[in-house]
Amino acid sequence: MNTIIDQLRTCEIFSDLEPSVLALVAPVAREHRCEAGTVLFAACNPRQSFFLVLEGQIEVRVHSGDAAGTLLILGPGDGTGEAGLLEPGAHSATGTAVSDLRYIEIPVDEFRSRLAQDAGAAMSLFAAVSRVMVRRLQYSAHRRTGWDEIYRPGATRTEHDLLGERDVPEDARYGVQTLRAMENFPITGIRIAHFPQLIRALAMVKQAAARANHSLGLLPDDIAGAIDTACREIIDGNWHGHFVVDVVQGGAGTSTNMNANEVIANRALEILGHERGQYEFCHPNNHVNLGQSTNDAYPTAVRLATVLKKRDLATALQKLSEALHSKAEEFADVLKMGRTQLQDAVPMTLGQEFEAFAVTTAEDIARLEEVSTLLLEINLGGTAIGTGINADPRYPELATAELRRIADLDLQLAENLVEATPDTGAFVMFSGMLKRIAVKLSKLCNDLRLLSSGPRCGFNEINLPPMQPGSSIMPGKVNPVIPEVVNQVAFQVIGNDLTITLAAEAGQLQLNVMEPVLTFNLFESLDMMTAAVETLTKRCIRGITANEDHCREMVENSIGIVTAVVPILGYERVSAVAKEALETGKPIRRILLDAGDMDEAQLDSILSPEAMTKPRSLG
């Protein structure tokens, strides 16, 4: 029994409870083991148990439509499923053992049955669970939750910086400089935690720095190890809710860098057995930021995060290209009119039109990968202005090598760090590529809106899947809402590109202080583009159908098909035929037959889909 109670105390929920309360719970707490890959709970399934990790790790993944992503990695002492202890409900995520796992399981029904025996114990346990859940909301990475959204408990600790002392929330892992930044920059309401890849990239940079400094003998074993572990936890998705500064800020990213330094330092202090804020044992500047400046750590993290985020966009574009290619095959035999300047041109197949969409999308993926390589050049070790002041001369190469291993990317140290420190040219190039993708994607959506216009008085060549009623006043109207929203995203990306261009131009001398707004707009473009492409693929492209008979009818009634007989009758005669068709409304085929210019067999051959939609011999 004592062993179970001791194990329960490793969890935040049970750590401060009276022994009598724990003794009530212990009989229904059972230890289990399972192999890696075992699913302990699944999203949408009832919460039947609370799980406490003793050894190993649990990956918690959230699901949204077709997409899924790792929310966090739980390790020893972490619990999950606490909401089920309060009331019945369903899991919002899936938990899977990522290694051989030893854990305690508390069935919620048996838990509540035990608590029914002692009202006082029940109150204590429910209060403990509630405190943990409130704290998680306080530091949630979601934009609409967090410290400023709910009641603040009064417990604080006192920290100081060069401006004086301030009280920091006792349970916060950030410190005084982050607190000041929160107060100074209430700009967008979007915290840096809104971009988890940036938080992971910052942790990777700090981990690489700690390893390099340790190898140089500049960090003691215990401090280096604690910093390394803290960084690993952040990379795994933990503590992101403590990254609370606004993404747009003055100071060239110093507030973001110090937020990372303070969170890592305070988590390292906990690992070392000290209290948060006892910086004499692990200092945000002296230890976590050793050999670094915001001016090399922050842009390196932004470059790394951009490359990591780019993968999601490339994947989304690949799926879009594949969906377009699939439609091209489906519509290969649908004959329709091609148009130039919105006027009838010459026949083509709907499959050819969609294959062109597929090819242009695939080209963008290739160009995106090419321009991304520019972001792999970093200035880590240049410190303040690229001269490397306060860094060991061996540090830049060592830190870059460590970061290369951690991130699993071919990162390269810039040849001239003084040049590289203020240089934002790679971001301009990358943003320009995002603008190119946005422009071409918007053109594709313009085409979809035109081709589906109608249904009675427009092109009506294709049908987009109906997503929602289109009007609050016009019954039966259904609008092309998915292409419309993608158009709007494209406009935003184009606008963001201008902001990025202006921010890059605004650099002065040895630093560009405008990188925070550049970063915000770049990440917003990536996120919005990725979401827009995924939405277009799933909710529009895959459900498109063709109005084949209507498409063929328009071809047969079009004057444009007259172009196919130019090689036989000549331009002037065919021009006269086209003029007569326009004036009289007669079909081209009937005019040619009545005039004796061609017979039925000739017209059947020349006006066949194969003859009109592909090159052919004129001999």
Check: [X] side chain, [Y] main-chain N or O, donor-acceptor pair, under 3.5 Å:
X: Q249; Y: D246; value: yes
X: T383; Y: I389; value: yes
X: T229; Y: A226; value: no
X: N266; Y: G277; value: yes
X: T421; Y: L417; value: yes
X: Q292; Y: L290; value: yes
X: N512; Y: A504; value: yes
X: N238; Y: I234; value: no
X: N521; Y: V517; value: yes
X: R102; Y: E55; value: no

Atom CG of D222: over 12 foreign heavy atoms under 6.0 Å: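 More than 12 within 6.0 Å, yes.
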
Working to the nearest 0.5 angstrom, can you tell me the gap between [X] [atom1] and [Y] [atom2]?
X: L202; Y: C231; atom1: CG; atom2: SG; result: 9.5 Å
X: L511; Y: T294; atom1: CG; atom2: OG1; result: 9.5 Å
X: I199; Y: H194; atom1: CD1; atom2: NE2; result: 11.5 Å
X: R211; Y: L216; atom1: CZ; atom2: CG; result: 14.5 Å
X: L40; Y: Y103; atom1: CG; atom2: OH; result: 5.0 Å

Geometric cation-pi criterion, R200 with F195: 6.0 Å, 45°: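 Cation-pi check for R200 and F195: fails.
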
[X] to [Y] - nearest heavy-atom pair and separation:
X: I13; Y: A128; answer: O-CB, 3.3 Å
X: A301; Y: A201; answer: O-CB, 3.3 Å
X: L17; Y: S124; answer: CD2-O, 3.8 Å
X: Y174; Y: E159; answer: O-OE2, 4.3 Å
X: P284; Y: Y279; answer: CD-CD2, 3.5 Å
X: K310; Y: S372; answer: CE-OG, 3.4 Å

Parallel, tilted or perpendicular, as decided by the 30° and 60° cut-offs, for the rings of H274 and F281: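 If you compare the ring of F281 with that of H274, the planes turn out parallel.
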
Aromatic ring proximity F50/F111, centre distance under 6.0 Å: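 Not under 6.0 Å, so no.
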
Would a 4.5 Å heavy-atom cut-off, applied to side chains only, mark [X] and [Y] as touching?
X: R9; Y: L22; answer: yes
X: R276; Y: D171; answer: yes
X: L198; Y: V302; answer: yes

So, [X] versus [Y]: side-chain donor-acceptor pair below 3.5 Å or not?
X: S525; Y: N496; value: yes
X: E105; Y: S49; value: yes
X: T96; Y: E59; value: no
X: N379; Y: D296; value: no
X: N257; Y: N289; value: yes

Intermediate values then yes/no, salt bridge (Lys or Arg N to Asp or Glu O under 4.0 Å), E262 and R173: CA-CA 7 Å; E262 289 176 341; R173 288 181 174 82; over 6 Å; no

Electrostatic pair D161-R180, nearest N-O below 4.0 angstrom: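 Result for this pair is yes, salt bridge flagged.
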
Short N-O contact, R232 and D236, less than 4.0 angstrom: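 Here R232 pairs with D236 in a salt bridge, since their nearest N and O are under 4.0 Å apart.
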
Under 3.5 Å, which donor-acceptor pairs do the side chains of residues 73-84 form with other protein atoms, sequence neighbours left out?
residue : atom : partner : partner atom : Å
D78     : OD2  : G75     : N            : 2.8
E82     : OE1  : R136    : NH1          : 3.3
E82     : OE2  : R136    : NH1          : 2.4

From I264, L269, I271, residue fulfilling side-chain contact (heavy atoms from CB on, under 4.5 Å) relative to R267: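 Only match with R267 under side-chain contact (heavy atoms from CB on, under 4.5 Å): I271.
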
Show me, pair by pair, the donor-acceptor contacts under 3.5 angstrom made by side chains of residues 397-405, not counting sequence neighbours?
residue : atom : partner : partner atom : Å
T400    : OG1  : P396    : O            : 2.8
E402    : OE2  : R405    : NH2          : 3.2
R404    : NE   : L411    : O            : 2.8
R404    : NH2  : L411    : O            : 2.9

Any residue meeting side chain to side chain donor-acceptor pair (under 3.5 Å) with Q510, in chain and number order, not counting sequence neighbours: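 Side chain to side chain donor-acceptor pair (under 3.5 Å) check on Q510 returns nothing, list empty.
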
